[in-house]
Amino acid sequence: MQIFITGGTGLVGSRLVPHFKQRGDMVLVLSRRANVVAGMDCEMIQGDPTQSGDWQNRAAECDAIVNLAGENIVGKRWNDEVRRTLRESRVKATENCVQALSRQPRRSDGSPKVLVNASAIGYYGPHGDEELDENSPPGNDFLAGICMDWERATVPAKDAGVRVVLARIGVVLANDGGPLAKMLLPFKLGLGGRQGSGKQWFSWVHRDDVVGLIALALDNPVVSGPVNVTAPNPVTNKDFAKTLGRALGRPAFMPTPGFMLKLVMGDGAEIVLTGQRVLPKRAQECGYSFRFPELDGALAEILGS
Ligand SMILES: NC(=O)c1ccc[n+]([C@@H]2O[C@H](COP(=O)([O-])OP(=O)(O)OC[C@H]3O[C@@H](n4cnc5c(N)ncnc54)[C@H](OP(=O)(O)O)[C@@H]3O)[C@@H](O)[C@H]2O)c1
């Protein structure tokens with residue numbers, strides 16, 4: 001399969017590309033810094049997914065697009081300009097991918113092309129202890145609004161006959177980026193613990209299962225619409241801290257008050273301080289077998305213990 005990936009240089013994409021290459025797919029990665037990104041074993045295409053351009057001709061020729069582009073949410077104050085960038089980097093990139101695919105929505109054998117579009121569990125907004133699946137309604141905060149616009153931007157592709165999968169991704173665990181990488185130092189120093197009240201839910205997913213679920217979405221013709229990309233056993237923030245402390249062999253009794261977290265993570269701290277309890281109902285209905293269903297197994301693999 002010819003797979004065009006936007007945001008392929010990021011935390012998820014950097015694992016997705018070798019996975020597809022290894023199984024024999026042809027992979028093209030669009031990047032705003034194609035000439036400076038080293039070590040990607042694929043065809044790099046210079047371009048900005050938020051701007052229309054020649055890259056869309058290459059994308060239109062491919063069998064599938066995996067659209068992972070998006071300005072990083074964590075570590076900044078969400079002033080008006082940042083809010084605009086967070087939204088536009090997702091919605092405009094999606095509109096441009098959709099435009100490209102809609103030109104040639106069918107593969108050479110007549111089957112529909114596929115768009116796997118990133119979204120996030122922020123779609124559901126904060127929901128206390130309630131269990132959420134793909135049928136749960138959207139939230140009404142800033143992040144939920146972005147997710148709704150992001151997902152809505154895919155509708156013209158669906159209307160053109162493309163199979164569209166909305167990957168509502170949870171908190172991706174990896175040791176070289178994302179929130180876990182940020183937490184490791186304080187936890188290693190014995191300064192880790194619950195964040196805020198600790199009662200909020202943390203719907204995590206090991207990066208390998210993000211790759212596995214995106215591959216499932218591409219390969220399985222019955223998959224379409226929203227798919228929660230989260231492990232089947234979400235935990236509370238307090239239990240996450242306990243499990244991480246245990247995995248590192250360090251005490252984890254030092255709570256981080258919400259205001260401190262906001263100093264370190266900016267407005268992105270909201271994601272950690274509220275959270276939601278999301279279940280991967282659709283993935284399980286499709287028979288996906290999680291490599292890392294339990295948090296301690298995921299952390300053991302990531303931390304190499
Ligand atoms: N990681 C998570 O925990 C998580 C959770 C929920 C949802 N998601 C979503 O899943 C997708 C992939 O996540 P990730 O963690 O791999 O993302 P990431 O590491 O932050 O990388 C995303 C890529 O998007 C491109 N990008 C960044 N800012 C951009 C901008 N302003 N305009 C256009 N392109 C921009 C960059 O590619 P170039 O610099 O090469 O152009 C970057 O490598 C993202 O859309 C993210 O929002 C991630």
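Starting from 1, each residue takes its place in the sequence as its number. Worth saying up front: this structure is predicted, and the values here are computed from it rather than measured. We count ligands from 1, going down the list as the structure has it; atoms in each ligand are counted the same way.
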Student: Looking at Arg282 and Glu285, does any basic side-chain N land under 4.0 Å from a carboxylate oxygen?
Tutor: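 Salt bridge present between Arg282 and Glu285.
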Student: So, Gln22 and His19: side-chain donor and acceptor under 3.5 Å apart, yes or no?
Tutor: no
Student: Do you see a donor-acceptor pair shorter than 3.5 Å between the side chains of Thr230 and Asn228?
Tutor: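 Absent: no donor and acceptor within the cut-off.
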Student: Would you say Asn117 and Thr154 are linked by a side-chain donor-acceptor pair, where the criterion is simply a distance under 3.5 Å?
Tutor: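 There is no such pair (donor and acceptor under 3.5 Å, judged by atom type) between the side chains of Thr154 and Asn117.
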Student: For Phe142, does the six-membered ring have the charged nitrogen or CZ of Arg83 within the cation-pi criterion, i.e. under 6.0 angstrom from the centroid and within 45° of the normal?
Tutor: yes
Student: Collect the protein residues that have a non-hydrogen atom under 4.0 Å from ligand 1 and hand them over in chain and number order.
Tutor: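 Ligand 1 is contacted, at a heavy-atom distance under 4.0 Å, by Gly7, Thr9, Gly10, Leu11, Val12, Ser31, Arg32, Arg33, Asp48, Pro49, Thr50, Leu68, Ala69, Gly70, Glu71, Asn72, Thr85, Ser89, Arg90, Ala118, Ser119, Ala120, Trp150, Ile169, Gly170, Val171, Val172.
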Student: For Tyr123, is the NZ or CZ atom of Arg168 found under 6.0 angstrom from the centre of its six-membered ring and inside 45 degrees of the ring axis?
Tutor: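 So Arg168 does make the cation-pi contact.
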